[in-house]
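All ligand and atom numbering here is 1-based and tracks the order in the structure. All values reported here derive from a predicted model rather than from experimental measurement.
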Amino acid sequence: MTSGLLEDASFNQSPAFGDVDLFTADRPLADAAVRLGLDTQVLSACGRDYGSAATLDLGRVANENPPKLRTMDGKGNRLDLVEFHPAYHALMEKSIGHGIHASAHDGSEPHGPLASRAVRLYLATQAESGHLCPITMTHACVGALAAEPALLKKWRSKIQSRTYDPRPLPWREKKGVTLGMGMTERQGGTDVRANITSAAPHGDHVEITGHKWFMSAPMCDAFLVLAQAAQGSGGGGLTCYLMPRYRPDGSQNNLRFQRLKDKLGNKSNASSEVEFHAAYAERVGPEGAGVRTIIEMVNLTRLDCAIASAGQMRIALSQALHHIRHRSVFQKKLADQPAMRAVAADLALELEAQVALVFRLTHAADHAASDPREAAYARLLTPAVKFLVCKSTPQVVYESLECLGGNGYTEDLPLARYYREAPLNVIWEGSGNVMALDVLRAAGRHPEAAIDTLARLVRTASQAFHVAPLAQALEHTLKSADAERRARFLCEGLARIAALAALVEAGSAFAPLYGETRLGAGHFAQFGTADLGSAETELMDRALAT
Ligand SMILES: Cc1cc2nc3c(=O)[nH]c(=O)nc-3n(C[C@H](O)[C@H](O)[C@H](O)COP(=O)(O)OP(=O)(O)OC[C@H]3O[C@@H](n4cnc5c(N)ncnc54)[C@H](O)[C@@H]3O)c2cc1C
């Protein structure tokens, strides 16, 4: 009797979300993939893989069993090992198998390599975000390693391997490797020039001594590290190095992990504090050019922050839509209650625009080398898009969580985890103000290209909404003495116009509605306050197609 009561379907709860093709069910994403000429069959298989109930559950388990640091064994011998749960390893194996760590550089996708990989990253993050930290860093570090072709050549086949090999061994003995990076120190994160970790020359390499306040994924096989080169024939100054976990003679390198950070979210991922005691490293790029060298990695990481945040918003909204389609209140499904439809459709409209924008940016990044206009777009828009998309994520995830009522707030469902993860990408690789100031910097360094990019965005966006007054205000502010104080206004204004332009370029019927509700007068900031009229049904249907 009791068990019958407990299993009664009339409890009006939605079934578990899972076994969904996260690619095909997401019409804005699938449309973007078609526009970019990507292989939709392969991406659909990837969407089924990450959307399977089993994979989604790996995400839960990996976060309920966070990594543990073992600094020493019971006899006092140094170990400096981090142990991860098998669920984490399973996710790593999957994402490396899908090539998210390397496919943009290995020639396997000659057509739109960054865009195709971006779709897979966006899908993977919906299952679990923490493990994607080393996946993103491995992908992004290749950008910086390109500054030292001989070094990249040595490591390339191990980086490009699709075999995940977590064994703590010298990199040459492994079937595949992952890369991390250590830039942030206690006294300087954003301001890396304040770094005091130092590199002393030692024959054909350097020995690095110092401390990093944040160094994530400490079980990676090597790390890009910024350190001050000693003044000498090379000129000295902040320089980029590659620091392997094992020295060339096979002995363990002198990385001493102090502790793992106790973080708000991102529990499956380990983020360490680490000391270097004359640790072996090889130079990457010219001495003194550390910032210039590592910026190639930083730009790829910033792009990934935006892509992953879009995926985080998407999974939260999918969970919400799934729930409200099953849950009834006052004899009517929540998805048919007018006030709930206003919220869900407004969230869906935001995702329509931000997904179009993120994939427009990956297209620009894919074509930057051959097309100066796309290069200018990528330079100006990367920080602006990271700003808008990452900053929208906590709000979208929170509203989605609220759609599930009290259940959304419990640890039994993944929404609480998504919510804790949501603010991280805003901070990583440059927080909000830093991104806004970076837009100013990009515009200041290449003023003509920036004005040309803005003009082209305005021309396109104007097909859907009258953005000229905003564009004039942006241009006026940009040229004013007050630009730095108004940096967030400039950054969000630019990103919103670019989002509208991306919708127009995508041929979206929702472009005028987005322009009116995001850039027009008389609208409030909370989701659900905009009047989306008859567009509600299609927006909701496209957000999670069944
Ligand atoms: C979970 C996690 C993992 C991480 N992993 C790594 C890693 O693997 N490797 C690594 O190197 N780092 C890592 N970081 C560090 C991260 O990249 C930095 O925390 C981030 O870049 C911000 O630097 P900071 O903490 O020193 O803050 P600060 O630079 O002190 O910034 C503090 C605030 O001031 C603002 N600000 C900065 N400059 C200005 C300005 N000129 N005008 C106005 N406002 C400004 C910023 O926007 C921010 O809001 C990690 C961080 C976290 C949370």
Side-chain angles (χ1 to χ4, degrees), residues 63 66-67 82 129-141 144 178-197 208 210-227 238 240-243 245 255 257-274 276 290-291 293-295 297-302 304-305 308-309 312 383 386-387 390-391 394 417 420-441 444 482-492:
N63 283 276
V82 181
S129 295
H131 81 286
L132 293 167
C133 172
I135 298 284
T136 276
M137 290 195 292
T138 306
H139 155 76
C141 283
T178 52
L179 304 177
M181 52 103 177
M183 296 194 290
T184 309
E185 299 186 8
R186 262 173 299 212
Q187 71 287 353
T190 303
D191 185 6
V192 288
R193 290 188 191 279
N195 278 11
I196 52 177
T197 293
I208 294 187
H211 181 263
K212 294 290 168 184
W213 185 233
F214 279 95
M215 197 169 87
S216 288
M219 297 324 292
C220 285
D221 297 283
F223 304 87
L224 284 183
V225 168
L226 283 181
L238 195 67
C240 182
Y241 297 95
L242 185 70
M243 180 188 286
R245 281 186 53 78
L255 289 80
F257 297 111
Q258 304 300 299
R259 61 173 186 158
L260 299 185
K261 300 281 192 190
D262 186 6
K263 299 174 286 185
L264 169 66
N266 195 247
K267 299 284 185 188
S268 68
N269 182 31
S271 300
S272 72
E273 293 166 17
V274 60
F276 306 136
V291 172
T293 304
I294 213 153
I295 204 75
M297 184 275 289
V298 169
N299 282 333
L300 288 172
T301 321
R302 287 178 178 172
D304 268 17
C305 286
S309 286
Q312 289 169 18
K386 179 184 184 283
F387 178 93
C390 297
K391 279 216 167 284
R417 165 160 62 93
R420 286 194 301 269
E421 186 78 24
L424 179 54
N425 283 332
V426 186
I427 296 168
W428 248 340
E429 295 298 359
S431 319
N433 287 352
V434 175
M435 289 302 91
L437 293 172
D438 213 47
V439 170
L440 292 191
R441 198 169 303 115
D482 216 16
E484 190 168 330
R485 190 175 67 82
R486 303 284 288 136
R488 282 194 179 210
F489 166 69
L490 283 163
C491 185
E492 180 162 353

Considering only heavy atoms from C-beta outward, does the side chain of V274 approach that of R259 to under 4.5 Å? no

Interatomic distance, M183 atom CE to T197 atom OG1 [nearest 0.5 angstrom]: 13.0 Å

Applying a heavy-atom distance cut-off of 4.0 Å, which protein residues contact ligand 1? M181, G182, M183, T184, G189, T190, F214, M215, S216, K263, S271, L424, I427, W428, E429, G430, S431, N433, V434, L437

Which one of H139, K386, M137 satisfies the side chain to side chain contact (heavy atoms under 4.5 Å, CB included) criterion with D304? H139

Got R245 and F223 here, is their nearest side-chain heavy-atom distance under 4.5 Å? yes

Close side-chain approach of I427 and C390, heavy atoms under 4.5 Å: no

Selection residues 421-441 - residue pairs positive for salt bridge (Lys or Arg N to Asp or Glu O under 4.0 Å), sequence neighbours left out: R302-D438, D438-R441

